[in-house]
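Nothing here was measured: the structure is a model prediction, and the numbers come from that model. Every chain is numbered from 1 and lettered A, B, ... according to where its sequence line falls, protein lines coming before strand lines.
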Amino acid sequence: MDIHFTADQPSAEEKAAVDQELGAPETGWDGGQRHVASDGRVAFGGHDAGSHRHKLLPALHAVQEHIGWISPGAINYISQRLGLPPAEVYGVASFYQLFSLTKRPPVVAHVCEDIACMTRGSEEVCRKLENKLGPAGKPCMGGKAAWLRSPCLGLCERAPAALVSAAGKSPRERVLAPATADGIEELLREGIDGKLPAESDALSMKASIPQAGSANLVLLRRLGKSSATSLDEYRKSDGYEALRKAIEIGPEAVVREVIDSKLLGRGGAAFPTGKKWEALLNQRKRGRPHYVICNADESEPGTFKDRVVMEGDPFAVLEGMTIAALATGAKKGYIYLRGEYPFAAERLAHAISAARKAGLLGENILGRGLNFDIELRRGAGAYICGEETALFNSIEGYRGEPRNKPPFPTQAGLFRQPTSVNNVETLINVPEIIRMGGTAYAKIGTTNSAGYRLWCVCGHVARPGVYETPFGGTLRELIQMAGGVAGNGRLQAVLLGGAAGAFVTPKELDVPLTFEGTRAIGATLGSGVVMLFDDSVDLKKILLRIARFFRDETCGQCVPCRVGVVRQQETLERLIAQKPLGTTETEVRMLREMGQAMRDASICGLGQTASSALESALNRWSIFS
Amino acid sequence: MSDLAPKPLIPVPRGPVPEAPPPRKRAMVELTIDGQKVSVPEGSTILDAARQLGIDTPTLCFLETLAPVNVCRVCVVELEGSRVLVPACSRKAEPGMSIKTDSERVRLSRRMVLEFLASSVDVSTAPQFPGYAKRYGADPERFGSKAETVAQPPKIDNDLYVRDYSKCILCYKCVEACGVDAQNTFAIAVAGRGFDAHISTEFDTPLTNSACVYCGNCIGVCPTGALMFKSEYDMRQAGTWNESRQTKTDTICPYCGVGCVLTVHEQDGSIVKITSPLDQSVTHGNLCIKGRFGYRFVEVEKPRKK
Amino acid sequence: MLWGSNARETHPIFFHHLLQGVRKGAKLYVIDPRRTTSAQWADAWLGLDVGTDISLANAMGREIIAAGLAHKRFIEHATSGFEEYKKHVEKYTLERAERETGVPAEAIRQTAHAYAKAERAELCWTLGITEHHNAVDNVVALINLALLTGHIGRYASGVNPLRGQNNVQGGGDMGAIPDRFPGFQHVENDEIRAKFEAAYGRKIDPQKGLHLSGMFEAMEHGELTCLYVLGENPVDSEADRNRAKRLMGGLEFMVVQDLFYTETAALADVVLPAAAGWCETEGTVTSSERRVQRVRVAVPPPPGVRDDIEIVYDLARRMGHEWGPPKAECIWDEVRSLSPMHGGMSYKRLEEMGGIQWPCYDESHPGEIFLHGRLWADPLIGPRAPFSCVEQEPPADRLDKDYPIRLTTGRRLDSYNTNVQSGKFSSPLRREETLDISPEDGTKYNVREGEKVRVSSRRGSVIAPVRFDPGLRPGLAFLTGHFHDQVATNDLTIDAVDPKSGTSEFKATAIRIEKHSAN
């Protein structure tokens with residue numbers, strides 16, 4: 001296409017960063033050296049030219065990581081390389097929070113100030129940082145660093161948390177949790193000096209999985225026991241046994257086992273996994289490419305189980321995906337990992353490469369004619385990209401705006417082809433199902449909630465972390481397992497399912513933690529978040545933080561959500577300040593109406609659930625009267 | 001052979017009347033809307049079906065010539081069996097669907113959408129708004145005077161367009177018209193996120209520095225007057241814009257040979273703007289810079305007798 | 001396939017339709033010396049040397065035949081002269097074409113195959129084909145390709161010259177061609193002439209008239225001394241402008257009827273102010289797709305300015321002929337009565353149908369969405385379509401060591417012809433005229449962007465600032481014809497004329513560039 005560029009030119013470093021990601025340009029027309037003898041006579045492009053759009057996000061990442069921000073010149077160069085209009089590239093880049101389109105110091109600390117960290121002193125950390133380094137977002141330490149307030153970093157079991165990234169020739173990222181202002185400052189300094197230490201195994205599994213090593217564990221049985229980087233150790237602990245068996249019994253039988261297992265998706269929507277796969281399998285004859293996607297964009301505040309699994313047992317994720325590929329006929333899979341998980345990225349990249357070398361990914365897997373490979377994609381700071389259709393757009397190089405459904409992903413998903421999207425936790429259940437058989441798996445848990453579940457227990461609890469139980473226990477039992485209520489010991493509320501979930505009261509602790517059990521009390525399991533608040537917590541502040549979260553994270557595409565989340569926050573602010581327009585009752589009624597419109601008329605789950613935590617609180621407490 | 005040799009002086013004989021291939025036959029889909037049965041060809045939307053029944057469905061981001069983006073949500077309807085409301089403009093009619101277009105749920109969502117928009121955006125030049133607001137009893141004032149808005153100064157960086165994004169409801173139509181649905185220039189896109197999402201050139205550079213080719217097709221589709229011809233903007237500023245004194249006449253563009261239909265808007269003997277009909281097979285409402293703005297020559301100097 | 005056309009800028013709304021096709025998977029091939037904005041959309045752009053179109057077309061023809069991709073059934077059924085053509089193009093090997101055009105043989109081969117194999121293919125061209133001294137040869141070389149592959153006379157397959165003016169098609173249709181009456185009826189055909197003589201009640205000269213270049217020729221020889229110019233500005237628009245100005249200045253009597261006091265009007269004895277045809281008068285125009293559409297009065301003309309029809313009728317009256325009311329519809333009905341292909345196009349139907357594509361023989365005829373369908377009728381209707389054997393011939397203005405650079409010309413998106421119309425609105429895209437050259441030539445001639453250079457041809461020289469365009473390669477330069485007040489491009493161009501069409505070779509001038517001392 002005819003692309004117009006502004007006069008902004010890329011620097012040599014920016015070009016190098018992009019070329020390292022995309023490979024060297026082929027002709028003068030796409031940004032390379034101009035050879036008039038050939039370039040002056042013939043140019044190919046047209047349909048091919050725009051067909052590399054899906055490389056946009058990696059290219060933007062490359063510049064952000066190497067330079068520390070994305071300049072107009074860099075956007076022009078990426079546009080030229082990928083045959084895209086700069087206005088669209090700018091539109092995409094400006095969608096993601098981790099990309100900076102204004103000049104920013106190369107070393108940046110993202111300091112979590114979300115609800116889980118709020119219960120563990122994040123406000124204090126931020127206040128100290130303000131004193132030490134100045135306000136968030138402003139350059140500090142001689143203009144070489146900056147700190148930013150961040151939504152949940154998924155390190156809630158070790159709250160409060162921070163993520164430090166140092167851009168440069170060899171970019172580095174690492175997390176700090178629990179974080180202190182001093183610790184963050186030190187990491188920033190090390191980043192400035194180019195000495196930011198690599199992530200260590202000190203992120204011990206023990207700290208994240210209090211049950212680690214217990215003989216009762218199934219999904220988590222390897223974590224903390226066998227090395228996450230050793231394929232041999234994974235194989236020694238039954239690894240890839242299930243894939244072997246799956247190949248043995250064939251796709252139809254695999255799908256049957258998964259249907260029989262009654263496995264429901266663990267990402268929040270609880271859709272039967274087997275049905276999804278069957279839909280793809282049934283379309284095999286139409287000859288379209290199929291995709292499987294591992295949704296690892298774990299961004300629901302309070303959720304960290306997928307991160308822990310990927311860091312501690314990455315091969316299990318790959319094995320689950322490979323079985324999914326076999327079952328659905330997909331040749332290509334993507335892991336869409338949230339951008340704030342550098343360590344999981346490293347572990348997964350290592351595992352993918354080890355699996356490829358061992359013939360467990362790529363052509364002719366296990367010598368059995370199965371072809372499947374996985375590409376790891378990192379998000380860039382956008383909660384909405386965990387919504388499956390937004391995730392497709394993000395991979396394809398568009399803004400991460402959800403699509404209207406139908407068509408459903410199983411009909412028209414990634415690149416408009418049949419696609420199965422499964423959450424990390426869902427996928428690691430699959431090898432177990434194949435090993436033990438679907439019917440046997442279905443007997444675990446309750447009739448309508450079969451199998452095992454991972455819980456993200458955090459907030460005011462004695463031993464926060466990921467817990468595994470078969471379905472069927474109560475909330476009270478889980479809290480007891482985690483050592484009981486911490487903080488001041490007086491439980492005020494539990495948030496189930498994350499920001500898009502619901503609050504329950506101490507009177508409701510006997511609710512069975514099953515899909516049906518929570519539904520019966522107007523709550524949800526969501527992503528398995530169980531966040532405790534003692535009675536020192538001002539719930540209004542938590543509600544306001546949740547409202548602000550949705551306001552920050554709405555993509556802005558549809559009106560009810562784009563404006564609704566703003567009006568919701570404003571109304572809450574007025575109520576908290578006790579300055580209602582009219583009476584408190586009219587304000588509350590207005591909140592209810594907004595909630596209903598967002599739930600009814602929004603395009604995707606974000607808007608549809610943006611008021612649910614707030615409404616659950618309104619239903620349970622008379623917070624504002 | 002020789003009798004069939006071409007003879008330039010003889011007119012070419014008439015052949016058969018050429019025909020386009022017939023459109024693919026589409027099965028009919030029967031559904032129920034507000035208790036009335038209606039049959040529409042497969043591929044039709046709920047909006048098409050509702051219109052066939054004469055049901056007036058409000059729309060803002062929908063336009064016949066653009067792919068539906070279903071973002072404004074003012075057209076939502078209640079579909080039996082669906083957890084949430086569905087957008088009439090893009091949801092395809094399916095056999096056996098049962099739809100309500102005026103239920104309490106529908107009216108509430110439509111009213112809220114109108115209130116959300118009118119409380120955050122200046123809708124004073126959006127022609128559809130007053131009617132919709134009345135119909136649904138929208139009261140945008142109820143969010144108070146401190147409700148956040150997108151108010152900002154208009155962008156006037158050239159002599160042809162004014163972009164006043166304080167009037168932008170983010171319907172995506174201009175992006176579509178500038179992009180794949182018509183012009184394919186991609187001078188503008190949606191940038192930013194959430195309430196800060198906005199229509200922007202790359203790096204928000206002035207239009208004159210951007211890819212813009214001033215076809216004005218974005219203005220042609222804008223439902224709120226956020227995008228406006230400078231001629232109209234100036235007259236509105238001066239208080240001389242008066243649609244009741246205007247005539248509209250269709251004619252043909254005086255420039256290249258494509259034959260675009262121009263609708264000439266005349267006020268007080270002068271051309272005040274040029275548009276093109278959406279249902280015209282050549283333009284589909286789209287023009288180029290010459291068709292849209294090249295009319296000025298009839299407004300300036302004329303020759304004289306020597 | 002767009003050949004010698006930059007439709008993205010010159011026919012923007014046509015290009016919308018084309019892009020809709022591209023979006024649905026259609027392949028686009030662009031053949032143009034420059035990598036234009038149109039070419040940037042192409043699956044393949046072939047950057048041939050100016051004036052080597054026949055070599056390229058003949059080589060494509062040869063390749064299509066050699067690869068067995070010719071449409072044998074169509075050729076046998078509906079064409080003549082195939083064997084001669086086949087023999088004729090035998091010498092146009094891909095290697096020869098690569099040598100002559102500069103385009104790699106493989107790219108030519110791929111393009112030929114893609115065109116021949118396509119289920120449907122359109123071949124469109126503009127002035128890149130026709131503004132040459134061998135314009136008609138260029139056109140038939142392309143038509144050969146359509147005949148060879150059967151890409152003609154079928155839905156969505158055909159050849160299509162994109163018209164540059166809103167009524168250039170209509171002008172020709174109405175008989176503004178030296179040898180034709182309205183409806184392309186030949187002046188030299190006795191039967192047809194008799195029909196017009198009967199209608200007008202007087203004898204009509206059986207001799208065909210002169211085309212524009214012929215008129216200048218006649219002026220040169222003193223055979224044409226009086227000129228009535230309607231809505232043209234030849235002083236600026238003709239190739240070799242100095243000559244045009246000299247000849248028109250030397251006429252005994254010239255009337256110019258125009259909206260503007262143009263450079264040409266400045267030379268006239270009488271200037272008649274005319275209304276703008278598209279918005280101040282009623283009538284019809286005919287677009288590139290043969291669609292006759294209505295123009296209407298939208299605004300009143302300024303005082304003292306009159307409709308062309310009124311002026312002409314008034315002139316007739318002064319000469320003693322009363323033609324009745326000067327109404328566009330009456331004249332149109334007269335056209336309908338004499339030109340069979342317009343017969344069914346009443347104003348009423350034109351309104352109702354939003355225009356009709358000719359031919360439209362009677363009021364029950366829907367018009368025709370494409371032509372030449374008769375070639376597929378079995379049995380064939382009418383004469384066979386002939387292949388033509390044409391040879392590559394370089395442009396008349398040869399390159400040599402004194403004039404080593406090929407200058408070609410074209411339009412910009414926001415401007416039009418000599419800019420008398422388009423110059424009146426404040427276009428943000430408008431920039432001063434520049435001599436566009438490749439960045440490599442900038443280095444070679446040691447000039448910076450914006451630096452003024454002297455551009456000389458064998459006929460004249462102008463001063464122009466330089467601009468680098470990567471769409472050009474070394475040895476190729478570009479000017480528009482829009483800004484004669486800044487750079488009088490037609491001081492440079494050659495009036496080498498195609499004898500068959502009367503078109504000048506605006507597209508190929510030999511120039512040299514020198515640094516201009518006044519910098």
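In this structure the side chain of B:L227 reaches within 4.5 angstrom of the side chain of B:Y165, judged on heavy atoms. A 4.5 Å side-chain heavy-atom check between B:C218 and B:Y161 finds at least one atom pair inside the cut-off. With a 4.5 Å cut-off on side-chain heavy atoms, A:F271 and A:L264 do not count as touching.
Taking chain A as the reference chain and counting heavy-atom pairs below 4.5 Å, the highest number among B:T205, B:L117, B:I188, B:V74 is found for B:L117. Chain B forms more heavy-atom pairs under 4.5 Å with one residue of A:G400, A:A93, A:C558 than with any other, namely A:C558. Counting heavy-atom pairs closer than 4.5 Å to chain B, the top-ranked of the candidates A:P560, A:A7, A:S79, A:P72 is A:P72. Most heavy-atom pairs under 4.5 Å with chain A, from the set B:G144, B:S210, B:C212: that is B:S210. Among B:C61, B:C178, B:A191, the residue making the largest number of heavy-atom pairs under 4.5 Å with chain A is B:A191. The residue among B:E202, B:H198, B:R193 with the most heavy atom pairs within less than 4.5 Å of chain A is B:R193. Contact tally against chain A (heavy-atom pairs below 4.5 Å) for B:T201, B:N184, B:L170: the top residue is B:L170. Heavy-atom pairs under 4.5 Å with chain B were tallied for A:N76, A:V566, A:I75, A:N404; the largest tally goes to A:N404.
Within residues 81-91 of chain B, the residues that have a heavy atom under 4.5 Å from a heavy atom of chain A are B:R83, B:V84, B:L85, B:P87, B:S90, B:R91, listed by number. By a heavy-atom distance cut of under 4.5 Å, A:M590, A:E593, A:M594, A:Q596, A:A597, A:R599, A:D600, A:A601, A:S602 are the residues of residues 583-602 of chain A near chain B, going up by number. Contacts with chain B (heavy atom to heavy atom, under 4.5 Å) involve these residues of residues 574-582 of chain A, listed by number: A:R574, A:L581.
Taking the centre and axis of the six-membered ring of A:F95, the NZ or CZ atom of A:R399 falls outside the cone set by 45° and 6.0 Å.
Looking only at distances, no side-chain donor or acceptor of B:D102 sits under 3.5 Å from a matching main-chain atom of B:R107. With B:K100 contributing its side chain and B:V106 its backbone, the two residues share no donor-acceptor pair below 3.5 Å. Side chain of A:S394 to backbone of A:A390: no donor-acceptor contact under 3.5 angstrom is found.
Only the side chain of A:D8 comes within less than 4.5 Å of a heavy atom in chain B; its backbone stays farther off. Residue contact with chain A, scored on non-hydrogen atoms closer than 4.5 Å, involves the side chain of B:V76 exclusively. Heavy atoms closer than 4.5 Å to chain B are found in both the backbone and the side chain of A:A382. Only the side chain of A:E570 comes within contact range of chain B, judged by heavy atoms closer than 4.5 Å. At a 4.5 Å heavy-atom cutoff, the contact between B:K146 and chain A is made by backbone atoms alone. The parts of B:A147 that come within reach of chain A are both its backbone and its side chain, each placing non-hydrogen atoms under 4.5 angstrom from that chain. At a 4.5 Å heavy-atom cutoff, the contact between A:Y96 and chain B is made by backbone atoms alone.
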task = Take A:Y383 and A:Q97, measure what side chain to side chain donor-acceptor pair (under 3.5 Å) needs, and give me the verdict at the end.
result = CA-CA 10 Å; A:Y383 169 70; A:Q97 209 195 7; over 6 Å; no
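Atom CD of B:E80 is surrounded by 12 or fewer heavy atoms from other residues, nucleotides or ligands within 6.0 Å.
Among residue pairs with one or both ends in residues 80-90 of chain A, those qualifying as side chain to side chain donor-acceptor pair (under 3.5 Å) are A:D19-A:R81, A:R53-A:E88; sequence neighbours excluded.
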